> 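Mind looking over this structure? Questions follow.
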2 protein chains.
Amino acid sequence: MNIQFKKGVLELCVFAILDNGDCYGYELVNKISENILISEGTIYPLLRRLTNEGYFTSYLIESSEGPPRKYYKITAEGSKVYNDLKDEWHQFVLGVNRVIERGEKN
Amino acid sequence: MNIQFKKGVLELCVFAILDNGDCYGYELVNKISENILISEGTIYPLLRRLTNEGYFTSYLIESSEGPPRKYYKITAEGSKVYNDLKDEWHQFVLGVNRVIERGEKN
DNA sequence: CAAACTATCTTGCACTGCAAGGTAGTGGTG
DNA sequence: CACCACTACCTTGCAGTGCAAGATAGTTTG
């Protein structure tokens, strides 16, 4: 898979999943991996950054299978940013598809 | 517009336009700009790179409005790469949209 | 005890778009 | 002629992001 396509979009995916309910990092990696190839080394720094920026908060919960899980919860501000980002994404896809389609028709 | 979304996609746009007919750099910038915000400083290095990689060839044509225009023509190999890239793009968009939609439904 | 799995985290690299600039040629206006 | 606007090309260095590779640590199973 083209690495470059993912730039900025993984952030959108993390927002989308957390907007639907709390998750821990490892779980996010698995959920996203169902549709897009992704590495753990990508998600953990991303979660930390977005938490520092105030879009997520985190809390620890003990697990019976491994070390405690760090759950992330989206904030109201994060939810707002997510909606803007999602709109931008759809607009962007439309723009790219127009460029491609025009090339094919003419 | 989110800069990160563009990563790798501008390459796809350049391929798409040249696959439909020869263009010079400035013209490409204008065509793409109709749908996606873009800077000249992005396109020229990109054209050079893809030409070095054998996906485009170039030739000069005198112009009556400014310096000679450097036209780019896509090669057979470039055309092949474009088709693969286009498929990858569509698959990628589907994957991202599935992640987003699942978040909204549940 | 050792392997396999879950789960977290860090470091440094590679790639790509952009801002900010420079260089040149043409055409028009005063 | 001097000046500006426009077309058209190009370069440099920076910023952001994903990844490979690896470290750490707990639990379960053979």
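Because the structure is predicted, anything quoted here is derived from the model rather than measured. By convention in this document, chain letters (A, B, ...) are assigned in the order of the sequence lines, proteins followed by strands, and residues within each chain are numbered from 1.
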> With heavy atoms under 4.0 Å as the rule, sort Leu28(B) into base, sugar-phosphate or nothing.
nothing
> Begin with the C-alpha distance, continue with both residues' side-chain angles, and end with the deciding distance and a verdict on side chain to side chain donor-acceptor pair (under 3.5 Å) for Asn2(B) and Trp89(A).
CA-CA 8 Å; Asn2(B) 191 312; Trp89(A) 164 249; over 6 Å; no
> Nearest-Å distance, CE (Met1(A)) to P (dG18(D))?
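In whole Å, dG18(D) P lies 13 Å from Met1(A) CE.
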> Describe the nucleic acid contact of Lys6(B) in one word from base, sugar-phosphate, nothing, applying a heavy-atom distance below 4.0 Å.
sugar-phosphate
> Taking Leu37(B)'s backbone N and O only, do any of them form a donor-acceptor pair with Lys6(B)'s side chain (distance below 3.5 Å, no angle check)?
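Side chain of Lys6(B) to backbone of Leu37(B): a pair is present.
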> Take the protein atom CD1 of Ile43(A) and the nucleotide atom C1' of dT6(C), then report the distance between them rounded to whole Å.
17 Å
> Take atom CD1 of Ile38(A) and atom C1' of dT17(D), then tell me their distance rounded to the nearest Å.
12 Å
> How does protein contact run along nucleotides 2-14 of chain D, one letter per nucleotide 5' to 3', with B for base contact, S for sugar-phosphate only, - for none, heavy atoms under 4.0 Å?
-----BBBBB---
> Please report the distance, rounded to the nearest Å, between NZ in Lys7(A) and P in dC19(D).
8 Å
> What's the CD1-C1' distance between Ile61(A) and dG26(D), to the nearest Å?
17 Å
> Is it true that a side-chain atom of Asn20(A) and a backbone atom of Ala16(A) form a donor plus acceptor pair closer than 3.5 Å?
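Not at all, since once roles are kept as given, no pair shorter than 3.5 Å links the two residues.
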> Could you tell me the separation between the CD1 atom of Ile32(B) and the P atom of dC18(C), rounded to a whole number of Å?
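For the pair Ile32(B) CD1 and dC18(C) P, the rounded distance is 10 Å.
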> In whole Å, what is the span from the CZ atom of Phe5(A) to the C1' atom of dC15(C)?
14 Å
> Can any side-chain N or O of Thr51(B) pair as donor or acceptor with the backbone N or O of Thr57(B) at less than 3.5 Å?
no
> How close or far is atom P of dA15(D) from atom CD of Gln4(B), stated in whole angstroms?
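Going from CD in Gln4(B) over to P in dA15(D) covers 14 Å.
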> Would you tell me if any nitrogen or oxygen in the side chain of Arg49(B) comes within less than 4.0 Å of OP1 or OP2 on dT16(C)?
yes
> Under 6.0 Å between ring centres: does that hold for Phe56(B) and Phe15(B)?
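Yes, the ring of Phe56(B) comes within the 6.0 Å limit of the ring of Phe15(B), centre to centre.
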> So does Pro68(B) get a backbone contact from the side chain of Ser63(B), meaning a donor-acceptor N/O pair under 3.5 Å?
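No, Ser63(B) side chain to Pro68(B) backbone: no donor-acceptor pair under 3.5 Å.
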> Is it the case that the side chain of Ser58(B) and the backbone of Lys70(B) share a donor-acceptor pair, with hydrogens and angles ignored and the cut-off at 3.5 Å?
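Not at all, since once roles are kept as given, no pair shorter than 3.5 Å links the two residues.
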